[in-house]
Amino acid sequence: MSAAAPRVGIVAVSHSRPLAEAAVALALEMVAGDPPPIAIAAGTADGGTGTDAVRVSEAIVEVGAGGAGVVVLMDLGSAVMSAEMALEFVADPELRVRLVSAPFVEGLLAAVVRAAGGADLDAVAAEALGALRPKSEQLGDAAPVSVDRAVDDAGDRADAPPAPAGDLASAAPPPAIAEAVVRNVAGLHARPAAEIAGLVAQRGVALTLATDAKGPVDATSPIGIAILGAGPGTVVRIAASGAGAAAAVEEVRALIESGFGEELAELDAAPAAAAAPAAAAAPAPAPAAVAASAPPHPAAPSHPLGVSSGRVVGPVAVMVHAADEPDPAPRLPADERDGAATRLREAMLAVAGEMHETAQTLSGQRRDVLIATAAIAADPALHREAESRVRDEGLTPERAVWVELGRTAAQYRELGGRMAERVTDLVDVRDRIIARLTGVERPGVPERDHPFILVADDLAPVDTVGLDPERCLAIVTEQGGPTSHTAILARELGLPAIVGAAGATALADGTIVLVDGDTGELIVQPDEGARATATGVITLPPFEGPGETADGHRVVLGANVGAPRDIRRAVERGAEGVGLFRTEFCFLDRTREPSVDDQISAYREVFAAFPGARVVVRTLDAGSDKPLPFLTSDDEPNPALGVRGYRTSRRDPEVLDAQLRAIARAADAESADAWVMAPMIATVAEATEFAARARAAGNRTVGVMIETPAAALVADELCAAVDFVSIGTNDLSQYTMAADRMSGELAHLADPWQPAVLRAIRLIGEAGTRSGTPVGVCGEAAADPALAPVLVGLGVTSLSMAARAITAVGAIVSSATLAQCRAAAEAACAATDPAAARAAAREALAT
Ligand code: PEP
Ligand code: MG
């Protein structure tokens with residue numbers, strides 16, 4: 001007796017198990033003899049509605065064992081996507097699989113009948129494709145045309161035409177397809193991936209993304225999107241089906257093409273078909289001071305790299321990061337697997353929820369970064385994979401998470417550059433989920449009752465949330481690069497930071513180190529001389545004013561306040577007052593302007609901390625690097641040169657006038673000496689107008705910031721129009737040098753030591769001296785102890801800075817006479833570049 005020839009296998013993929021079972025039962029009724037191999041991949045494991053790519057792949061393998069090939073019928077929407085994804089999981093390259101876009105019920109019937117009769121793969125697929133014809137002919141519709149998709153034939157997708165109206169499949173709109181070119185320099189990294197996934201999940205559409213090299217991937221999976229490794233210039237194919245597909249595809253296309261609000265790449269006219277993943281452009285590495293004790297991580301630069309400015313000394317506190325590897329051996333009994341998989345899903349969602357909640361309490365990049373990390377924990381593809389390891393292999397939930405996120409981390413590492421720098425985020429998500437599952441407390445930022453320098457393998461975004469910049473003096477990590485979250489967050493927190501310091505975690509807790517976030521220098525056990533070069537040495541006591549030169553020339557040393565926590569710090573560090581109160585923090589994260597009463601209470605809090613002292617309040621500086629939803633438009637082609645600072649009051653005068661009233665009323669209620677000033681003034685007319693409005697609102701001492709070369713050039717007239725001026729060196733450097741202050745690449749230009757910037761400051765200082773107008777500096781330059789005497793010599797009468805710098809700046813100012821400061825200023829202005837200016841000033845002060 002000869003063995004029966006193998007028959008084509010059929011897989012029924014549906015959102016609903018009852019629907020699939022009924023359709024298969026109906027088909028089997030049509031079969032007289034032995035049915036072909038049939039498998040159902042329908043519904044979710046817990047009996048819900050949905051589809052699962054892993055199950056589909058298992059079904060394909062099961063019915064394809066005979067070798068005659070497999071025809072897959074799907075109902076609609078994400079069933080199609082799951083089937084497509086399933087093909088990626090089928091390891092056997094010999095297995096021929098056809099995804100057939102036939103109507104589910106009719107196609108299934110036709111395919112089962114033909115396969116039962118022993119037809120070959122082509123015939124079975126063709127029969128399914130033509131299954132609608134009898135009904136269509138009877139109703140007089142146009143004959144349907146369907147597309148046969150082979151496993152390796154991704155190109156057919158774009159040609160799939162709409163099916164006629166009248167049955168299950170044709171009720172769905174036609175598939176929608178588009179292409180987008182990735183435009184942002186960093187490509188589809190974690191944040192853009194999370195943004196796309198969030199959008200697609202909201203639209204509830206089955207949407208996939210693919211490049212020529214990779215995919216398609218489920219676009220609700222940020223991990224899947226990131227693994228595409230789509231760098232700038234890559235063409236991404238977007239495909240969706242189901243209701244709302246066309247609109248969703250267009251939205252995703254527009255989002256990708258928009259560049260996600262990030263820096264855009266200069267693309268050639270012809271975009272790359274499959275660009276390499278975005279790699280981080282690392283600045284020139286600084287010399288290493290710590291011997292490497294471990295092989296460098298692929299994401300780590302080969303030398304320690306300073307990524308956030310500042311030079312401090314303090315004791316090390318080492319953070320232990322990774323969770324212990326869960327035991328690979330145990331296998332769960334079959335009857336415990338469903339429950340374990342559910343626990344796993346719940347833990348992942350709980351971690352995602354927790355991170356999301358924390359993100360809502362933050363603003364700026366810290367918020368974005370945390371939301372992107374939360375999206376990893378909520379990734380539906382990750383859930384599917386990890387759960388199937390529990391259900392199918394019997395792994396413990398913690399082991400399943402370990403394995404799956406480990407696999408993803410390996411893919412990220414392989415992509416290199418910015419993606420490799422995100423491995424820490426994956427590890428953090430993994431550890432949090434494991435901690436939740438096992439009830440073990442996750443290691444985090446060490447608790448210390450004294451200030452410390454945090455040393456870690458790498459920091460995850462969430463680690464830095466509770467980081468108190470008053471306790472944590474600096475951050476040193478072994479991993480990470482200039483674009484890692486550690487770097488971004490350290491800069492945002494204003495903490496000096498070094499990344500890529502291989503071997504740093506081997507330092508004993510409490511070891512004293514010097515960290516320089518500019519040069520990347522990390523000195524273990526620095527000697528007295530080295531310690532004295534630090535600007536934020538923890539052993540320095542608070543400043544004891546008044547600020548003055550060695551010969552008694554008064555220089556008021558105040559603090560900048562940009563967040564409520566800065567108030568306490570300013571008081572503790574001995575600030576003589578507040579030289580810059582950035583009021584934006586009262587407005588950030590608001591979709592509407594805060595009420596006058598809300599503003600009054602925020603301003604009073606600052607005034608109350610400095611009874612009798614000067615507090616310089618800056619009116620809202622919205623726009624450019626500080627956008628506000630209700631005040632600034634997000635479609636300005638060049639926001640730094642656009643409607644920002646005082647300019648916003650032309651559009652919305654009432655926002656400024658209300659703020660001026662609130663400041664005046666808050667000042668009346670407290671005893672601080674309240675001064676008020678406007679940012680981004682470019683003309684004398686603006687200054688005059690602002691002064692009139694501020695006084696009309698009840699403010700007594702009124703000034704303007706000088707942040708534009710235009711304002712510097714008319715400093716004499718400005719001094720005549722207002723009571724004081726304050727130089728914003730961050731912006732003045734940016735605009736004088738035409739160099740974006742946010743660009744690391746242009747940092748050498750946007751440098752207040754540039755002689756051009758120093759000469760602009762000299763113009764202002766001279767105007768102030770001539771007219772007796774107080775001239776402050778409240779940009780970052782004021783915190784540079786080497787620059788402080790130069791600024792004093794240029795005619796500056798007050799300096800306002802981050803509170804931690806006051807002691808060091810005060811010490812330097814008090815060590816030089818006014819004549820020495822003037823000599824240093826003259827020498828620095830005469831120099832040809834910043835390095836020469838620094839050297840010249842140093843020399844002048846030493847004589
Ligand atoms: C400056 O530009 O120097 C300044 C102090 O303002 P901000 O940094 O807030 O723009
Ligand atoms: Mg400014």
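One-based numbering, in listed order, for ligands and for the atoms of each.
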Quick check on contacts: which atoms of ligand 1 are under 4.0 angstrom from a heavy atom of [X]?
| X | result |
| --- | --- |
| D731 | 1 (C), 2 (O), 3 (O), 10 (O) |
| E707 | 1 (C), 2 (O), 4 (C), 6 (O) |
| C778 | 5 (C) |

Result block: side-chain N/O donor-acceptor pairs under 3.5 angstrom for residues 821-835, not counting sequence neighbours:
residue, atom, partner, partner atom, Å
D833, OD1, A835, N, 3.1
D833, OD1, A836, N, 2.7

### Task
Under 2.8 Å from the Mg ion (ligand 2), which protein N, O or S atoms are there? Could you list them by chain and number?
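Checking every protein N, O and S atom gives E707 OE1, D731 OD2.
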Donor-acceptor contact below 3.5 Å, side chain [X] vs main chain [Y]:
| X | Y | value |
| --- | --- | --- |
| E576 | L557 | yes |
| T549 | H553 | yes |
| E195 | R191 | no |
| Y735 | A640 | yes |
| T688 | A721 | no |

### Task
Give the residue and atom name of whichever protein heavy atom lies nearest to atom 3 (O) of ligand 1, and the separation in Å to one decimal.
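Heavy-atom neighbour on the protein nearest atom 3 (O) of ligand 1: N730 N, 2.7 Å.
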### Task
Identify the protein heavy atom lying closest to atom 6 (O) of ligand 1, giving its residue, its atom name and the separation to 0.1 Å.
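Going atom by atom, the protein heavy atom closest to atom 6 (O) of ligand 1 ends up being R618 NH1, 2.9 Å.
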May I ask you to identify, for [X], whether its side chain, its backbone, both or neither come under 4.0 Å of ligand 1 on a heavy-atom basis?
| X | answer |
| --- | --- |
| R741 | side chain |
| L580 | side chain |
| Q734 | neither |
| D621 | side chain |

### Query
What residues form a salt bridge (Lys or Arg N to Asp or Glu O under 4.0 Å) with R842, not counting sequence neighbours?
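For R842 there are no salt bridge (Lys or Arg N to Asp or Glu O under 4.0 Å) partners, ignoring immediate neighbours.
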### Query
Mind checking what makes ring pair (Phe, Tyr, Trp, His ring centres under 6.0 Å) contact with F724, not counting sequence neighbours?
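F724: ring pair (Phe, Tyr, Trp, His ring centres under 6.0 Å) contacts with W675.
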#### Entry: Heavy-atom pair of closest approach, residues I727 and L732
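Looks like CG2-CD2, 3.7 Å.
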### Message
Under a 3.5 Å threshold, yes or no: a donor from one side chain and an acceptor from the other, between E780 and T729?
### Response
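Side chains of E780 and T729: no pair found under 3.5 Å.
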### Task
Answer with yes or no whether E780 contacts ligand 1, where contact means a heavy atom under 4.0 Å from a ligand atom.
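Distance cut 4.0 Å: E780 fails for ligand 1.
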### Query
Is a salt bridge present between E584 and R618, judged by a nitrogen-to-oxygen distance below 4.0 Å?
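Result for this pair is yes, salt bridge flagged.
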